[in-house]
Amino acid sequence: MYGFEALTFNIHGGYLEAIVRGHRAGLLTTADYNNLCQCENLDDIKMHLSATKYGSYLQNEPSPLHTTTIVEKCTLKLVDDYKHMLCQATEPMSTFLEYIRYGHMIDNVVLIVTGTLHERDVQELLEKCHPLGMFDSIATLAVAQNMRELYRLVLVDTPLAPYFSECLTSEDLDDMNIEIMRNTLYKAYLEDFYKFCQKLGGATSEIMSDLLAFEADRRAVNITINSIGTELTREDRKKLYSNFGLLYPYGHEELAICEDIDQVRGVMEKYPPYQAIFSKMSYGESQMLDKAFYEEEVRRLCLAFEQQFHYAVFFAYMRLREQEIRNLMWISECVAQNQKSRIHDSVVYMF
Amino acid sequence: MAGDEGTEIYEEREESMDAAVGKEEAEIKTEGKEDENILQFLDSLDGYLTLMDSVNSKLREGWFDLASARHSMGTLRINSTLLDLKYHPAASTLQVTDQEVGSLGSVPRFALSKWASKGCGSPKGKDFSTDTDSEIGSPLSQQLRHRGVSEKPSAKDETTLAADEEIKKERAKSLSVFGGLVSPKLRGAQLSFETALETLVEIANMRASMLSAFERITEK
């Protein structure tokens, strides 16, 4: 049962909800994607995007264009939208919007630490970081030798500090430890975000619980599939699954012991929302799984806009933009590699 | 007297006929040799073109799989800044030797050792030189082929399995620059590029034999 959000939401959130709904109207449509899919080269793509919201970000880019340039410039548009909303937001919306950044902060931390382990230049790594995940002391991550130092020297003053309680060891950072750290941090972040949304209550809680549960379940499946045939033990794999979601706890028990994609399918098909996803794929195949999950995510995100007076629209907008950028990246790669027949393998249409 | 002369003439004619036949046989042999060289050259050329097609196709597949992996895992997880700049021995090595090949003479031979041991004395990697005749199961192989499944794995099977396990570990290790848990698409890209590397070595060998065959044809 919702509260009387309709009476009070617009006082602090009305302007930003209107802004985000306006941004949502600017997302690329199927007609836009059809035009992009027919481009012969990246300059054609730039020309088609000049008529969209990305036009001003790409117009000054010299030829020849590269796929990474298109992705970077489109991401700048997303960052500008986000910053505008964040600077106008009041509590608790501002905290909600900050939570959206933490995932990118975790990715940036892992990028810096991994790159430093591989003796890469810190400046080079900073240029590759996601702009939404930047924080002041990020460059000093390069001096840490283990997770304890990472926490003590840098991360204790960042919003990620509470997520480190399960990661603190004095083991030296290596590729597998870093991967476990990434997934453990993300697990803690998702659980914290979930609890925060539950505290907010109302439509925000209901819609965000569904979206975050789906995210947790998708991560569980990806972790399972990616860890098949690796050194990661069943116990360690299970520790990386979040403690909420449709698959928690019995689905996690079964996923932890899966040794191939067909066993994963057997587990997931017991859950009706995921049965539809796996029914699109043939046995032994995992190539289309990503697209199937993205399509389901987009469907749920679009549904978030059907209700008013809640914060989930902001989360949904950010995720839809990220999906759009993924689509543009994919189309650009297919065009650049002359593989236009494979474009529809991974493009997810929104409207 | 006339008979003797006749016999001499006959013998001379026989000798000249024998010489002519001999000359003809030699010419036939030379032509046959030339035809053999031409056929060898054309075979090599055909093999070379087929391998070039194959490597182009494999590279295309590899780049596409890499783009798929980047789409799946994110651009932050797969990019060139994550590649390891620390000093480490090469995962694969190439040996070049000169080999005497029957009619072709001395031909450079390229042999690829993939996933060679890192820092150990004896190489644990497999030798992927393209001498297919020595493979087990080949029609020209000298080894007996066993029907059915043998109850006890032979020592050679166990060694092969152990080597395969090591290679699997080395593959996972080289992919770990992108993280401990990577998408199957990235592993697929790795296999495609690995196959392309093997094909490149085969192309080098084929090119060497093709050039050698061409030299034999143009010799006068």
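By convention in this document, chain letters (A, B, ...) are assigned in the order of the sequence lines, proteins followed by strands, and residues within each chain are numbered from 1. Everything numeric here is computed off the predicted structure, so don't read it as measured data.
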_Contact class of I228(A) relative to chain B, heavy atoms under 4.5 angstrom_ = backbone
*Which region of A172(B), side chain (C-beta onward) or backbone (N, CA, C, O), has a non-hydrogen atom less than 4.5 Å from a non-hydrogen atom of chain A, or is it both or neither?*
neither
*Counting only heavy atoms not in Y349(A), do more than 12 fall under 6.0 Å of its OH?*
yes
*Measuring heavy-atom distances to chain A, does L186(B) have an atom under 4.5 Å in its side chain, in its backbone, in both, or in neither?*
neither
Please list every donor-acceptor pair closer than 3.5 Å that links chain A with chain B, giving the two atom names and the distance for each.
{"from": "L117(A)", "atom 1": "O", "to": "K86(B)", "atom 2": "NZ", "distance (Å)": "3.4"}
{"from": "H118(A)", "atom 1": "O", "to": "L85(B)", "atom 2": "N", "distance (Å)": "3.0"}
{"from": "H118(A)", "atom 1": "ND1", "to": "L82(B)", "atom 2": "O", "distance (Å)": "2.6"}
{"from": "R120(A)", "atom 1": "NE", "to": "T81(B)", "atom 2": "O", "distance (Å)": "3.4"}
{"from": "R120(A)", "atom 1": "NH1", "to": "S80(B)", "atom 2": "O", "distance (Å)": "3.1"}
{"from": "R120(A)", "atom 1": "NH1", "to": "L83(B)", "atom 2": "O", "distance (Å)": "2.8"}
{"from": "D175(A)", "atom 1": "OD2", "to": "S176(B)", "atom 2": "OG", "distance (Å)": "3.2"}
{"from": "E179(A)", "atom 1": "OE1", "to": "R77(B)", "atom 2": "NH2", "distance (Å)": "3.1"}
{"from": "E179(A)", "atom 1": "OE1", "to": "G180(B)", "atom 2": "N", "distance (Å)": "3.0"}
{"from": "E179(A)", "atom 1": "OE2", "to": "R77(B)", "atom 2": "NH2", "distance (Å)": "3.4"}
{"from": "N226(A)", "atom 1": "O", "to": "R187(B)", "atom 2": "NH2", "distance (Å)": "2.8"}
{"from": "Q287(A)", "atom 1": "O", "to": "K185(B)", "atom 2": "NZ", "distance (Å)": "3.3"}
{"from": "D290(A)", "atom 1": "OD2", "to": "S72(B)", "atom 2": "OG", "distance (Å)": "2.7"}
{"from": "D290(A)", "atom 1": "OD2", "to": "K185(B)", "atom 2": "NZ", "distance (Å)": "3.1"}
{"from": "E333(A)", "atom 1": "OE2", "to": "R70(B)", "atom 2": "NH1", "distance (Å)": "2.7"}
{"from": "Q337(A)", "atom 1": "O", "to": "R60(B)", "atom 2": "NH1", "distance (Å)": "3.2"}
{"from": "Q337(A)", "atom 1": "OE1", "to": "F64(B)", "atom 2": "N", "distance (Å)": "3.3"}
{"from": "Q337(A)", "atom 1": "NE2", "to": "W63(B)", "atom 2": "O", "distance (Å)": "3.3"}
{"from": "N338(A)", "atom 1": "O", "to": "R60(B)", "atom 2": "NH1", "distance (Å)": "3.4"}
{"from": "N338(A)", "atom 1": "O", "to": "R60(B)", "atom 2": "NH2", "distance (Å)": "3.1"}

*Where on L240(A) is there a heavy atom nearer than 4.5 Å to chain B: the side chain, the backbone, both, or neither?*
side chain
